[in-house]
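Step one of this worksheet: look at the structure below.
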Amino acid sequence: YDIVIQVAIIRPGPIVGKMMNPFLKRRQNLEPVRYAHPSLEAVLKRTLGVPLFQEQLLRMAMAVANFSGGEAEELRRAMGSKRSQTKMATIEARLRSGMTENGISQQAQDEIVQSIVSFALYGFPESHAASFALLAYASAYLKCRYLAAFTAALLNNQPMGFYHPATIVKDAQRHGLRVRPIDVTRSQWPCTLECECGGDPPHDRQGCSISLRMGLRYVRGLREQAALVLVSERNREPFSSVDDLAHRVPDVRRNELNMLAQIGALNSVGGFFVSEPQQYAEAALEKGIGFTRTSKYSQTNASLGAEVPAFTVHDNFPQRATFKNEKEERNFHSGTAEAGPFARPKLHRRDALWQVERAAWEEGPLLTDITEPDSSSPLVQMTSEERLIADYHGTGLTVGPHPMLYRRDEMNRMKVVRAIDLRHLKHGQFTRIAGCVIARQRPGTANGFIFLSLEDETGISNAIITPDLYDQNRLLVIHERFLLIEGILQNVENVISIKALRVSRLEVTEAATRSHDFH
């Protein structure tokens, strides 16, 4: 029921009616419960003497002003969707007349009328608040107990809710969920769950963690039908190369292949590239791993001056390899290191783009007689900034490091406090925070104040922008994607925010991050 009240109390009606602070203090036993008039105790006892719901307002009018059922219904309609101020003024006069007849003092009348009239600005019925509270409770339970499934469900049902997918992914990662990138050799159309052991979740195998695989639905411009054909063909037989994919799935257009390459979704195409096939095939057989030669898409190894066949890994190859540490695994999947006798493909994002061009133009003045050692292109890898830009442009998010992490050393030199560390600071302390703006809010009941949510690699911090500061920095506050904010830390009962004194533009990345503004 506390959640029911939380849902109802943040509405404009209770806020304007000055009901929030009295209830919070009474709920924490910081002030006694009292009633504007003794006749209201039966109506307001459950909410500690504070009217929060429309139903209570109707019963109050009947208790203190002798409203009939028809008059109470008229009051309910006046507080409905059209919120007629004219009708509310007429009802206020009727309320005061009835309360005067019942001998209620002027001070008590003023308090009761303010409670009732303020609900014309928007108050919640208790039944609605209870419905929302149940959703909130169930969502919190699922997030705590089934983080991977809950996150996948949110991502698969966008657009919805308050936060963009980029924020949902980063929050899940901070809570311990491993989110894996889009990969044409693994991703389905929706976001899916993967088990570290290679099994299909859920299962009862102890100690096996579940990760989330981003779905092809997040590839900008990729059509669902083309993606489904790609998945179907992949299930029939793994792709041995980008060229193989392009020829076997003509439904995927060239621009879609280019986008897949830019976001790194083609990096794993081809399974394992074997530089010394006979030696490694023998080692594979010893480990019980089967290979199939795919001569049609063999590749040239310039250093050996001979044709080196590509190999497709059979289904009996273990789904997951064993690594000494996370760095080894990260290097393995990025193609920058070897694991055992098998080298990952040398493809990186620009390699993949090169291979897309090769698939589209088998012959041409720029591509004829160009030697590609180890199947890679002559192009250098993307920088971290270029990958960020490609990720946000191509998917609207990144499963890699948060953009602020790349600037953390500089932020430390500027004494910018991470979001996770704000709770250790004292109330009233001068503080600097910085991050990507993920939400801007300007409630009609906030008297011109603007509330910003900034995200860094450790969490979310909140800043309060006064009307005067907003007038001085209007363009910065409204349009900049990354901000540095200096101000006074406020920690009231573990609710932490920064009351801003200065706002500055922060250059972090050109990636097209997004925010949820004024909704």
- Item | Partners meeting salt bridge (charged side-chain N to carboxylate O under 4.0 Å, His left out) with D2 (sequence neighbours left out) | R27
- To the nearest 0.5 angstrom, please state how far the CD atom of Q173 sits from the CG atom of L147. 10.5 Å
- Is the shortest heavy-atom distance from the side chain of S497 to the side chain of Q490 under 4.5 Å? yes
- side chain to side chain donor-acceptor pair (under 3.5 Å) filter on N462, not counting sequence neighbours, yields S453
- Task: Taking salt bridge (charged side-chain N to carboxylate O under 4.0 Å, His left out) as the test, write out the residues that go with E510, two or more places apart.
- Result: none
- Has H128 got more than 12 heavy atoms of other residues, nucleotides or ligands less than 6.0 Å from its NE2? no
- Donor-acceptor pair, side chain of E256 and main chain of V252, under 3.5 angstrom: no
- Message: How long is the straight-line distance from CG of L452 back to CD1 of I460, given to the nearest 0.5 Å?
- Response: 12.5 Å
- Item | Flag side-chain contact, heavy atom, 4.5 Å: P22 against E31 | yes
Show me the side-chain donor-acceptor pairs of residues 134-141 shorter than 3.5 Å, one per line, residues at least two apart or across chains.
residue, atom, partner, partner atom, Å
S139, OG, L135, O, 2.8

- Message: Any non-hydrogen side-chain atom of Y35 less than 4.5 Å from a side-chain atom of L44?
- Response: yes
- Query: Does any pair with a residue in residues 421-439 pass side-chain hydrogen bond (donor to acceptor under 3.5 Å, both in side chains), and if so which ones, sequence neighbours excluded?
  - Reply: R418-D421, R432-E486
- Could you give the distance from CD1 (I498) to CG (L489), rounded to the nearest 0.5 Å? 4.0 Å
- Query: Between L397 and T513, is any pair of side-chain heavy atoms under 4.5 Å apart?
  - Reply: no
- Message: Quick one, E224 and W189 - any side-chain contact, counting heavy atoms below 4.5 Å?
- Response: yes
- Task: For K170 and V399, work out which heavy atoms get closest and say how close.
- Result: NZ-C, 3.8 Å
- So how far is it from D391 CG to T398 OG1, rounded to the nearest 0.5 Å? 4.0 Å
- Using atom types as modelled and distance alone, determine if a side-chain donor or acceptor of T509 lies under 3.5 Å from a backbone N or O of A511. yes
- Task: Could you check if a side-chain atom of L155 sits within less than 4.5 angstrom of a side-chain atom of M214, using non-hydrogen atoms only?
- Result: yes
- Could you tell me which residues satisfy salt bridge (charged side-chain N to carboxylate O under 4.0 Å, His left out) with R217, sequence neighbours excluded, listed by chain and number? none
- Message: As an exercise, state the distance from OG1 of T167 to NE2 of H402, rounded to the nearest 0.5 Å.
- Response: 7.5 Å
- Message: For the OH atom on Y406, are there more than 12 heavy atoms of other groups (residues, nucleotides or ligands in this structure) within a distance under 6.0 Å?
- Response: yes
- For side-chain contact (heavy atoms from CB on, under 4.5 Å), just list the numbers for V356 and V242, CA-CA rounded to whole Å, side-chain angles, deciding distance to a tenth of an Å, and then say yes or no. CA-CA 6 Å; V356 169; V242 174; 3.9 Å; yes
- So, T192 versus R213: side-chain donor-acceptor pair below 3.5 Å or not? no
- Message: Would you say CD of Q28 has more than 12 non-hydrogen atoms from neighbouring residues, nucleotides or ligands within 6.0 angstrom?
- Response: yes
- Find out whether T47 and F53 are in side-chain contact, i.e. whether some heavy atom of one side chain is under 4.5 Å from a heavy atom of the other. yes
- Task: Evaluate side-chain contact (heavy atoms from CB on, under 4.5 Å) for C191 paired with L212, printing each intermediate quantity in order.
- Result: CA-CA 7 Å; C191 298; L212 183 149; 4.3 Å; yes
- Query: What's the spacing between I465 CD1 and R442 CZ if we round to 0.5 Å?
  - Reply: 12.0 Å
- Message: Tell me every residue that passes side chain to side chain donor-acceptor pair (under 3.5 Å) with S515, counting only those two or more places apart in sequence or in another chain.
- Response: R440, D517
- Item | Check: N491 side chain, N494 main-chain N or O, donor-acceptor pair, under 3.5 Å | yes
- Within 6.0 angstrom of Y470 OH, more than 12 heavy atoms from elsewhere: yes
Donor-acceptor list for residues 408-417 side chains, cut-off 3.5 Å, not counting sequence neighbours:
residue, atom, partner, partner atom, Å
R408, NE, E457, OE2, 2.7
R408, NH2, E457, OE1, 3.1
R408, NH2, E457, OE2, 3.4
E410, OE1, R407, NE, 2.7
E410, OE1, R407, NH2, 2.4
E410, OE2, R407, NH2, 2.8
N412, ND2, R408, O, 3.4

- Message: Using the salt bridge (charged side-chain N to carboxylate O under 4.0 Å, His left out) criterion, which residues pair with R220? Sequence neighbours excluded.
- Response: none
- Task: Scan for salt bridge (Lys or Arg N to Asp or Glu O under 4.0 Å) pairs involving residues 466-485, sequence neighbours excluded, and state none if there are none.
- Result: D471-R474, E480-R505
- Item | side-chain contact (heavy atoms from CB on, under 4.5 Å) between V184 and L245, intermediate numbers included | CA-CA 10 Å; V184 296; L245 187 158; 4.0 Å; yes
- Taking the six-membered ring of Y1 as reference, does the NZ or CZ atom of R46 fall below 6.0 Å from its centre and within a 45° cone about the axis? yes
- Task: Determine which pairs satisfy salt bridge (Lys or Arg N to Asp or Glu O under 4.0 Å) with at least one residue from residues 125-150, sequence neighbours left out, and list them in order.
- Result: K143-D171
- Any pair with a residue in residues 148-158 that passes side-chain hydrogen bond (donor to acceptor under 3.5 Å, both in side chains), sequence neighbours left out, goes on the list, sorted by first then second residue, please. none
- Item | Residues D456, R174: salt bridge by 4.0 Å N-O rule | no
- Backbone N/O of F162 and side chain of H516: donor-acceptor pair under 3.5 Å: yes
- Message: Determine whether M404 and E455 satisfy the following criterion, side-chain contact (heavy atoms from CB on, under 4.5 Å), listing intermediate values before the conclusion.
- Response: CA-CA 8 Å; M404 288 298 297; E455 182 185 62; over 6 Å; no
- Message: Measuring only between side-chain heavy atoms, which start at C-beta, is R350 closer than 4.5 Å to E386?
- Response: yes
- Least distance between heavy atoms, I433 atom then A463 atom: CD1-CB, 4.3 Å
